[in-house]
Amino acid sequence: MMGRNYWLLKSEPEAYSIDDLSRDKSTYWDGVRNYQARNFLRDSLKKGDRVFFYHSNAEPPGIAGIAEVTKEGYPDPSQFDPKDVHYDAKSDPRDPTWFVVEIKFVKKFREVIPLERLKKVPALAQMPLLRRGQRLSVQPVAEKEWKAISELTP
DNA sequence: GCCAACGTTGGC
DNA sequence: GCCAACGTTGGC
């Protein structure tokens, strides 16, 4: 698709996994509380973009499947809910701080592609994911990286 | 469970 | 505006 971009979203599977997305079919990506990641969600992820669903704090950590953006950035409802762990009392509803996108399930890989495996692929050396100390939970993925990773799956 | 790396907060 | 203290992320 012309102009489609690629991304990687991290989630701890204990909180929300590829199986949860497979069951739900779609979800909105709430709870992101980092400004750089927020900017991507608000400004950059576009309908039709493809997303790698990454399992962090998992055994093994790695890419578990693929999703697709179905709705572009809009205010994260959880920031206004005092009972939600992601509640942000400082966020003004007239000028919200945090944003979500909606994604839909595309596929679950037969096996997670482990982080360890990704590290061995030369074409992926520049990925932020593989950089030491990089914690960004919403990251751009270059097209050549997307292709290289896709070739790792059966 | 440890802890390095990083982002945020707040005193000054 | 600096920077120490603190909280979080996330691999190991």
Side-chain angles (χ1 to χ4, degrees), chain A residues 5-24 27-45 49-69 72-103 105-142 144-146 148-154:
Chain A
N5 286 307
Y6 301 97
W7 306 92
L8 181 142
L9 298 181
K10 293 182 188 173
S11 181
E12 301 196 11
E14 284 205 9
Y16 197 85
S17 73
I18 191 75
D19 289 322
D20 293 320
L21 183 61
S22 172
R23 179 198 63 216
D24 297 343
T27 191
Y28 58 90
W29 204 255
D30 68 346
V32 170
R33 295 294 180 268
N34 167 282
Y35 286 102
Q36 202 180 345
R38 185 282 310 268
N39 292 346
F40 284 134
L41 292 177
R42 186 188 59 190
D43 306 330
S44 305
L45 276 76
D49 285 357
R50 288 271 161 129
V51 171
F52 281 133
F53 195 113
Y54 181 86
H55 282 175
S56 61
N57 261 318
E59 188 48 53
I63 298 173
I66 294 175
E68 181 176 317
V69 178
E72 296 173 11
Y74 63 95
D76 182 345
S78 70
Q79 71 196 306
F80 304 125
D81 179 359
K83 295 187 295 295
D84 196 288
V85 289
H86 298 297
Y87 177 61
D88 182 354
K90 290 184 304 219
S91 182
D92 180 349
R94 288 160 303 179
D95 183 19
T97 308
W98 308 113
F99 286 74
V100 298
V101 296
E102 268 179 19
I103 59 171
F105 177 78
V106 174
K107 73 187 288 191
K108 176 187 175 180
F109 295 149
R110 204 168 327 182
E111 292 177 29
V112 169
I113 306 171
L115 179 61
E116 193 65 19
R117 176 93 175 83
L118 300 175
K119 286 178 178 172
K120 291 176 182 155
V121 180
L124 305 180
Q126 300 307 312
M127 286 187 81
L129 180 71
L130 304 185
R131 280 215 306 275
R132 179 180 168 77
Q134 176 56 262
R135 305 179 311 186
L136 197 57
S137 65
V138 179
Q139 305 186 1
V141 175
K144 70 168 183 135
E145 294 164 348
W146 182 274
I149 292 168
S150 299
E151 284 166 11
L152 299 177
T153 70

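Chain A is the first sequence line, chain B the second, and so forth, proteins listed ahead of strands; every chain is numbered from 1. The shown structure was predicted, so the numbers you read here are calculated from the model rather than taken from an experiment.
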Tell me, please, the opening and closing nucleotides of DNA chain C, 5' to 3', among those with an atom under 4.0 angstrom from a non-hydrogen atom of chain A.
C/dG7 to C/dC12

Hey, which of these two, A/Asn57 or A/Arg135, hits DNA chain B nearer its 5' end, going by closest nucleotide?
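Its nucleotide being nearer the 5' end, the pick is A/Asn57.
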
Return whichever of A/Lys90 or A/Gly133 has its heavy-atom-nearest nucleotide of DNA chain B closer to the 5' end.
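Between the two, 5'-proximity favours A/Gly133.
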
Could you tell me, to 10°, how much the axis swings from one end of the helix from B/dG1-C/dC12 to B/dC12-C/dG1 to the other, five pairs per end?
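The helix from B/dG1-C/dC12 to B/dC12-C/dG1 shows an end-to-end axis angle of 10°.
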
On the 0 to 90° scale, with breaks at 30° and 60°, tag the A/Trp29-A/Phe53 ring pair as parallel, tilted or perpendicular.
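Because their plane-to-plane angle is over 60°, the rings of A/Trp29 and A/Phe53 count as perpendicular.
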
Does any N or O in the side chain of [X] come within less than 3.5 Å of the main-chain N or O of [Y], such that one atom is a donor and the other an acceptor?
| X | Y | value |
| --- | --- | --- |
| A/Gln79 | A/Thr97 | yes |
| A/Glu68 | A/Val106 | no |
| A/Ser22 | A/Ile18 | no |

Pairs flagged by salt bridge (Lys or Arg N to Asp or Glu O under 4.0 Å) wherever residues 73-98 of chain A is involved - sequence neighbours left out:
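Residue pairs with at least one partner in residues 73-98 of chain A: A/Arg33-A/Asp76, A/Asp81-A/Lys83, A/Asp92-A/Arg94.
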
May I ask you to test the A/Asp24-A/Tyr16 pair for a side-chain heavy-atom distance under 4.5 Å?
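Side-chain contact under 4.5 Å: yes.
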
Would you check if A/Arg50 and A/Val141 make a side-chain contact, meaning some heavy-atom pair closer than 4.5 Å?
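Heavy-atom side-chain distance check fails, nothing below 4.5 Å.
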
Pick one: which of A/Leu41, A/Leu136, A/Val100, A/Val101 meets side-chain contact (heavy atoms from CB on, under 4.5 Å) with A/Val32?
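Answer to the side-chain contact (heavy atoms from CB on, under 4.5 Å) test with A/Val32 among A/Leu41, A/Leu136, A/Val100, A/Val101: A/Leu41.
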
